[in-house]
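In this text, all values refer to a predicted model and were calculated from it rather than measured experimentally. Protein chains get the first letters and strands the later ones, always in sequence-line order, with residue 1 at the start of each.
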2 protein chains.
Amino acid sequence: MPRLAGSSKLLRAINESAALAHLLERGPLTRADLRELTGLSKPTISEALRRLTDAGLARVVGHVSAGPGPNAEVYAASPDAAYAVAVSVRDSGETGTPSVAAAVGDVSGQVRARTEVAVDFLRTDPVAAVTEIVERLRADAGAPASRLAHVQLAVPASYDPQTDSIHHVGVTGGWNRPGLVRELRDRLGTSVGVDNDVNLAAVAERRRGAARDADSFALLWLGDEGLGLAIDLGGTLLRGARGGAGEIGYMPLFAPDGEDRKVDLQDLVGGPAVLALAAEHGIRARTPAAAVAAAAAGAEDAAPFLAALAGRVSVGLAAVIAVLDPPLVVLAGQVGRAGGPALRDAVTAAMARAEPLETTIAVTAIDDDAVLLGALDAGLTTVHEALITSVHESTT
Amino acid sequence: MPRLAGSSKLLRAINESAALAHLLERGPLTRADLRELTGLSKPTISEALRRLTDAGLARVVGHVSAGPGPNAEVYAASPDAAYAVAVSVRDSGETGTPSVAAAVGDVSGQVRARTEVAVDFLRTDPVAAVTEIVERLRADAGAPASRLAHVQLAVPASYDPQTDSIHHVGVTGGWNRPGLVRELRDRLGTSVGVDNDVNLAAVAERRRGAARDADSFALLWLGDEGLGLAIDLGGTLLRGARGGAGEIGYMPLFAPDGEDRKVDLQDLVGGPAVLALAAEHGIRARTPAAAVAAAAAGAEDAAPFLAALAGRVSVGLAAVIAVLDPPLVVLAGQVGRAGGPALRDAVTAAMARAEPLETTIAVTAIDDDAVLLGALDAGLTTVHEALITSVHESTT
DNA sequence: CCAACTGTAAGTAAGACTGACTAACAGTTG
DNA sequence: CAACTGTTAGTCAGTCTTACTTACAGTTGG
């Protein structure tokens, strides 16, 4: 419910925003398309487009001929109206120094530059490191600093916006000092978003992956190291009170007549546990993902291993399904992806044994770096919204 | 993001809606108040109020004198602009016939009539029974049929709007035939909402109970019979794919070295389980709630019983907290209410043992029929929204 | 094969209409 | 008398409708 009120200026702002929003969401459109979409008259659409072009937010990108008559001009949101940078920070194995992946995208969604570097956060301050990477990448993409609108960080941790601090950091170094994000914001001069890496992978999954048509879904991340859960409810991510939703790695499991064994889900399906389980079944590999990939590819005696793994996964999923009842669960992460359809079928079978299953299980459909792409998607969405509301305000 | 566009008519509609929305949410207001809230000018506010009054949606309810000058007129949304009826269907024990509670409320939130009857749904068709109750109650309240805008049903079951069917019904009779709600809608000639009783209790808890100031919260319903979970995320209830979110009674519990014992949460904290646990500790009572009430009141040897019960409750809550991370959990239902602060403290202690607890545990603050009141709150909210959008449309 | 013609659609210009704002004012009350 | 409520009059902003100009595609005739 918009509790909005105002005079004719508001009207112009609304109409102009609507036009821009359609251009951003649906791509290039003619005046006639916009007329159809907004229900506005020809002169009004013309006026709105004129103002948007003057403001540098839209431009003519071509002409289209549809039968007799003059060719209609095709308008699109200017790709270089604004840029977003995504930075994905991750622990690259227990020994290696953390690696940072980053990408710049423009308003049209195009990736304009991309990089990956190793950073030792024990010796480098996160703020300095991130600032430098962002600046270099922006320069590489040829984007003017004034057009850099948003920086989206992905961290293997949870972020609590209320206290502005990052918790459960899986990365070494000064990441968990409070106020870090504010500092970054000040240094970069842009808005800065921080989110859990698994949450951002879910964003990518919704945009371009297996969850494209899902109403809601849960994404279970089975990584080489940790595991995590992202919950997408109709396109909105559930983050929890302190950004701690989906921290199911720490979910204590119930031991019925229980001497407290303190078993949690991480002990069952975390990377080391998967490796150990594989070894028990005679499958040896360097990483959990490799072990699962071998099994999925049909190594001898693979079926029992996959079944055992699927059984463990289903334990965690049972809780998720009982609480949330998502129509779709996507398996992702290095291990999830490696498992492919074989793991998916095993999990489906394991779940069906416990209860009549009405939840679809799917495997991630993203081959690239899901976290980085998701962060970019999220960042660009933020930029889109900022542009739309900026139209609102500039007209005031 | 409003993808709204239009001409001056839209402007009028927006402004008028905004005025009505404020009247509905904040209660009686003067023109000056509305000017402040909407930012509109005096003539515009006057015009909007004139139109709302003409449409029977608002009226002058008094005058207020604030210093010199004429006394300002105080406007309020007409209480009798529309009515909502809430109907709560529940199983009253295993032997008794189901009981139905119902109430009529007006736009101002006032309860105008209320009733409670026993209905044998084995012999009476649900549609006929509900229609009759609604009609009688409406007549009792002196509300004209044309003004009855919405009927909200509360059922001890989950409702799947996609298939228009009610699942897991705890009530006997023809409740689970598909299309029932559509039928009811046709018969009553109003919009009809159906929701799980625990969800609706959560609505009441948010409006007038322990969760009034919470950002989000989970409500754990410990009833004399079943248990349930409602999840409120910033004022929106999470319902799940097929209305099955929060069906944690069926959550299978993990047995570590598991011969499948098929233990679920219902077996641990369902009514019979609570009664049995009480008996083990030498506490005998007719209902689970009575047992817990006795313990909370300080019956001898009560502490170990409460601790054991709290331990079981914490098993279920651990899963909820791991998945959702709510800032607040409210214990409700007959057993939860009976437990009072004693149970709350016991659960808090049990939870703190498992992990550093950042979640507040509270006891319901609603003494009346939470489900019925919540259904009425939900119904009236629907009515408010309908009124606001009707203003939008009537101006078109 | 080319040139002119015809019908259709894109975009613009002009005038009418709607709604909100400002400013001034009449009426009330402490 | 001063301050405040609510109305009236006039103005301004923005969109709509209608009519017009211009451009293009396809067709027809030499």
Rounded distance (Å) that lies between atom [atom2] of [N] and atom [atom1] of [X]:
| X | N | atom1 | atom2 | answer |
| --- | --- | --- | --- | --- |
| A/Ile45 | D/dC16 | CD1 | P | 9 Å |
| B/Glu73 | C/dT29 | CD | P | 12 Å |
| A/Leu10 | D/dT15 | CG | C1' | 14 Å |
| B/Leu49 | C/dA20 | CG | P | 12 Å |
| B/Arg12 | C/dC21 | CZ | P | 11 Å |
| B/Glu16 | C/dA20 | CD | P | 9 Å |
| B/Ile14 | C/dA20 | CD1 | P | 10 Å |
| B/Leu34 | D/dG6 | CG | C1' | 14 Å |

> Does any pair with a residue in residues 56-83 of chain A pass salt bridge (Lys or Arg N to Asp or Glu O under 4.0 Å), and if so which ones, sequence neighbours excluded?
Replying inline: A/Arg31-A/Glu73, A/Arg59-A/Asp80
Counting just side-chain N and O atoms, does [X] come under 4.0 Å of either OP1 or OP2 of [N]?
| X | N | result |
| --- | --- | --- |
| A/Ser46 | C/dG11 | no |
| A/Thr44 | D/dT15 | no |
| B/Ser8 | C/dT18 | no |
| A/Arg31 | C/dA10 | no |

>> Regarding B/Glu47, tell me which of base, sugar-phosphate or nothing describes its non-hydrogen contacts under 4.0 Å with the strands shown.
In response: nothing
Taking the side chain of [X] as its heavy atoms from C-beta onward, which of [options] lies nearest to it?
| X | options | value |
| --- | --- | --- |
| B/Leu40 | D/dT5, C/dG11, C/dC21 | C/dC21 |
| A/Ala32 | D/dT15, C/dT22, C/dA10 | C/dA10 |
| A/Pro43 | C/dA10, C/dA13, C/dA20 | C/dA13 |
| B/Ser41 | D/dG6, C/dC21, D/dT17 | C/dC21 |
| A/Lys42 | D/dG6, C/dT12, D/dT15 | C/dT12 |

> Which residue lies toward the 5' end of DNA chain D, A/Gly39 or B/Thr30, if each is placed at its nearest nucleotide?
Replying inline: B/Thr30
>> Between B/Ser216 (side chain only) and B/Gly234 (backbone N and O only), is there a donor and an acceptor less than 3.5 Å apart?
In response: yes
Do you know which two heavy atoms are closest between [X] and [Y], and how far apart they sit?
| X | Y | answer |
| --- | --- | --- |
| B/Leu11 | A/Ser8 | CD2-N, 3.6 Å |
| B/Val61 | B/Tyr75 | CG2-C, 4.3 Å |
| A/Ala154 | A/Leu200 | CB-CD1, 3.3 Å |
| B/Gln152 | B/Ala375 | CG-O, 3.4 Å |
| B/Leu4 | A/Ala18 | O-CB, 3.6 Å |

Protein N or O to nucleotides 21-25 of chain D N or O, pairs below 3.5 Å:
unit_1: D/dA23; atom_1: N3; unit_2: A/Pro70; atom_2: N; d: 3.4
unit_1: D/dC24; atom_1: O4'; unit_2: A/Gly69; atom_2: O; d: 3.3
unit_1: D/dC24; atom_1: O2; unit_2: A/Gly69; atom_2: N; d: 3.0

> Under 3.5 Å, is there a donor-acceptor pair linking the side chains of B/Ser78 and B/Arg147?
Replying inline: no
> Can you find a pair of side-chain heavy atoms, one from B/Leu328 and one from B/Asp213, that are under 4.5 Å apart?
Replying inline: no
> Taking 4.0 angstrom as the limit, do A/Asp377 and A/Arg208 come out as a salt bridge?
Replying inline: yes
>> Quick check on the helix from C/dC1-D/dG30 to C/dG30-D/dC1: what's the angle between its two end axes, five base pairs per end, to the nearest 10°?
In response: 0°
> On DNA chain C, nearest-nucleotide positions of A/Gly6 versus A/Val74: which is more 5'?
Replying inline: A/Val74
